[in-house]
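To start, the structure under review is shown below, and the notes come after it.
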Number of protein chains: 2
Amino acid sequence: MTVTLADVAARAQVSPATVSRVLNGNYPVAATTRERVLKAVDELDYVLNGPASALAAATSDLVGILVNDIADPFFGIMASAIQAEIGGPGGRAGGERLAVVCNTGGSPERELTYLTLLQRQRAAAVVLTGGAIEDAPHKAAMDAKLRKLADAGTRVVLCGRPQAPETGAIALTFDNRGGGRELTEHLIGLGHRRLGYIAGPQERTTTRHRLEGHRDALAAHGIEDDPRWTVHGRYDRRSGYEATLELLRRDPSLTAVVAANDSVALGACAALRDSGLRIPDEVSVAGFDDLPFSIDVVPALTTVRLPLAEAGARAGRIAMGREEEPPGGIASVRGELMVRGSTAGPRG
Amino acid sequence: MTVTLADVAARAQVSPATVSRVLNGNYPVAATTRERVLKAVDELDYVLNGPASALAAATSDLVGILVNDIADPFFGIMASAIQAEIGGPGGRAGGERLAVVCNTGGSPERELTYLTLLQRQRAAAVVLTGGAIEDAPHKAAMDAKLRKLADAGTRVVLCGRPQAPETGAIALTFDNRGGGRELTEHLIGLGHRRLGYIAGPQERTTTRHRLEGHRDALAAHGIEDDPRWTVHGRYDRRSGYEATLELLRRDPSLTAVVAANDSVALGACAALRDSGLRIPDEVSVAGFDDLPFSIDVVPALTTVRLPLAEAGARAGRIAMGREEEPPGGIASVRGELMVRGSTAGPRG
DNA sequence: AGCGTGACAGCAAGCGCTTTCTATGTACGT
DNA sequence: ACGTACATAGAAAGCGCTTGCTGTCACGCT
């Protein structure tokens, strides 16, 4: 039924070994023989059996990219950059690798299961993007898994995720804390003293770091951090909408709302508008990430730009061993404050 | 070094065959034996060797999802829905499958190469999303490839892509033409007679169908289709920005701009604003897809909502053989016109 | 002329798992 | 009690490929 190496060998009148060597090209084969083999491959429309090849060679060309939410451009942009470098087909790499992205949906179990699946396939490398979950048992399980992957020869790279010491993983982390601080300082500088904060899900590192940056800034300026001013939600627009209404209910005198990310900020803007409040005249709004749409909303969003594509590309290169690892296996990537129309001094 | 089935068998004092059967669970194994095996698996921290398993069983649990641009939520949303149904880990499906998304970046070569790679891996199913490329040689190559995949037992499903007859693929197509017509008719109904159209890349089916729908509407109302009113670009914001400036240069008297999709529409809005034109008072703008952000821009975008998540879920189910194929192997999915603030009568 | 030396090509032994077929008990029915 | 049927477990034959090792020439050097 299906064409095998042996069929090709028979047709080209050579041994299977020779066909294999022609295909893998790491062993001298006479030009005329090679031609003959290639011709047979073509005529028979032969397709290598991946599993068999992987089994015999004990290696695979699979590279996994884990993302929390594939429908979120934050991850899409990173994944795209990573994949381009891995050299999924046509990438700079040459050797054809199957770079695939796996959507965990933010679920700890799926994250772990995907890692196991990738481990089963003896993946050549794995890149984990975005924040990690801070549940202790889960973290322990993840670290153990990463350690095992690394030990088995799989290159593990973290992109936009805090370092996991002792796992052998290379980390490119985002300076969420610094970005958060800078953003809130900007608002404080404009004169704001009552700032609402819409945080992401409780148990994620990204959430915690951004929030800490925010609080650092408040503390540095001697501003009391009223617990009513912080609401947790998901990293999506809907959540931002609801959280903003809640914030307004708790304290209608807020003059600024800082959101966990741009999508949340969008929801916040909608909620404010629906509440009859003008941005930035009555309330300022700030986001985080600087996704492409952030410049298009009106007013354009003040936010912290994260070099997602650059970081992804670098992570991809490191995963392929085409770029030196950062010293200590970790590098921090800074964000850049983008001041735009959505923020202004209070009572504008 | 690595733990194999045989190691587990030895530790559990059974034969490798029994271990395999416990793991695959499709053969009677006494409860006590099973326990013993499971215990050994756990103690040894055994991980199945995917390639070996796939080779021996001649099947694989890999499912590929091809997308044109992973950074575009249009694809992200579909991919997410497909993956959820495939049952990547934790999905409804139970059996653990490795659902992976492959980013072609819109390149014909990469599309083909990914298909080959998936074919190598003997993928269980493949879902292709989004428009196809209309280059004849490429189409022929694709069709041949799809045919071969289908013949080899891989389930092939097209989601939001025109049917490829003779390939054995199941198609869920979007009614881009109908949606395009409806949208333009809405504008005509408002009184517009000079409508600019920003189309996508020339060689894509989606581009052509939406444009045809637009022209159908114009023709139906006896409106001349001035070639100056159509500009081709990419499916992104930047392109929309530039195309709009070009449109304005060619004919400053346009009263409406219809964009190939929402991202392009966003760029169009920015260009109009930068040109000092108010939306919708001076120029109306319409998009396509109804991505999440479309409701947040100001004014909110009039657009055609495509049920991306629903279609993706259905495609995923069909790929898993959990939903009956549509009659004739093809089903058309309609869009829904969403009238919002970005469109109004001319000289509003 | 004789032999060392490359340059190729082939043999054959696996890689780790699945699965058919066979063997061994055990529990029935009569 | 004896034969039959059923429930389990094992032996072993691959699945299709890679690769270390073993030839076999043909060439060039002394």
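Proteins come first, then strands; the chains are lettered A, B, ... in the order of their sequence lines, and each starts at number 1. Note that the structure is a prediction, hence the values are computed from the model and not measured.
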Quiz item: Does the pair B:R147 and B:D151 meet the rule for a salt bridge (Lys or Arg N to Asp or Glu O under 4.0 Å), with working shown?
Solution: CA-CA 6 Å; B:R147 164 90 275 162; B:D151 287 350; 3.3 Å; yes
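- Residue order along DNA chain C, read from the 5' end via each residue's closest nucleotide, puts A:V29 first among A:V29 and B:Y46.
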**Message:** side-chain hydrogen bond (donor to acceptor under 3.5 Å, both in side chains), that's the test. Do B:S15 and B:T18 meet it? Break it down for me.
**Reply:** CA-CA 5 Å; B:S15 72; B:T18 301; 3.3 Å; yes
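- With contacts defined as side-chain heavy-atom distances shorter than 4.5 Å, the pair A:S53/B:R120 does not qualify.
- A residue-by-residue look at B:R36 and B:L55 shows that B:R36 has its nearest nucleotide of DNA chain D further toward the 5' end.
- Here the P atom of nucleotide D:dA7 and the CZ atom of B:R34 are 15 Å apart, to the nearest Å.
- If you check D:dG16, C:dA9, D:dA9 against the side chain of A:T33, the one that comes closest is C:dA9.
- One can place CG of B:N49 at 18 Å from P of D:dC15, the figure rounded to the nearest angstrom.
- Side-chain N/O atoms of A:S15 include one lying less than 4.0 angstrom from OP1 or OP2 on C:dG10.
- A side-chain donor from one of A:E111 and A:H138 sits under 3.5 Å from a side-chain acceptor of the other.
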Give each protein N/O atom lying under 3.5 Å from an N/O atom of nucleotides 18-22 of chain C, with the pair distance.
unit_1 : atom_1 : unit_2 : atom_2 : d
C:dT18 : OP1    : B:N24  : ND2    : 3.1
C:dT18 : OP1    : B:S53  : OG     : 3.4
C:dT18 : OP2    : B:S20  : OG     : 2.5
C:dT20 : O4     : B:R21  : NH1    : 3.1

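- Here the shortest heavy-atom pairing between B:D7 and B:L44 reads O-CD2, 3.8 Å.
- With A:I65 as reference, A:V101 is the one residue of A:V101, A:I70, A:V157 to meet the side-chain contact (heavy atoms from CB on, under 4.5 Å) rule.
- Closest contact between the side chain of A:P28 and the listed nucleotides C:dC8, D:dC17, C:dC17 involves C:dC8.
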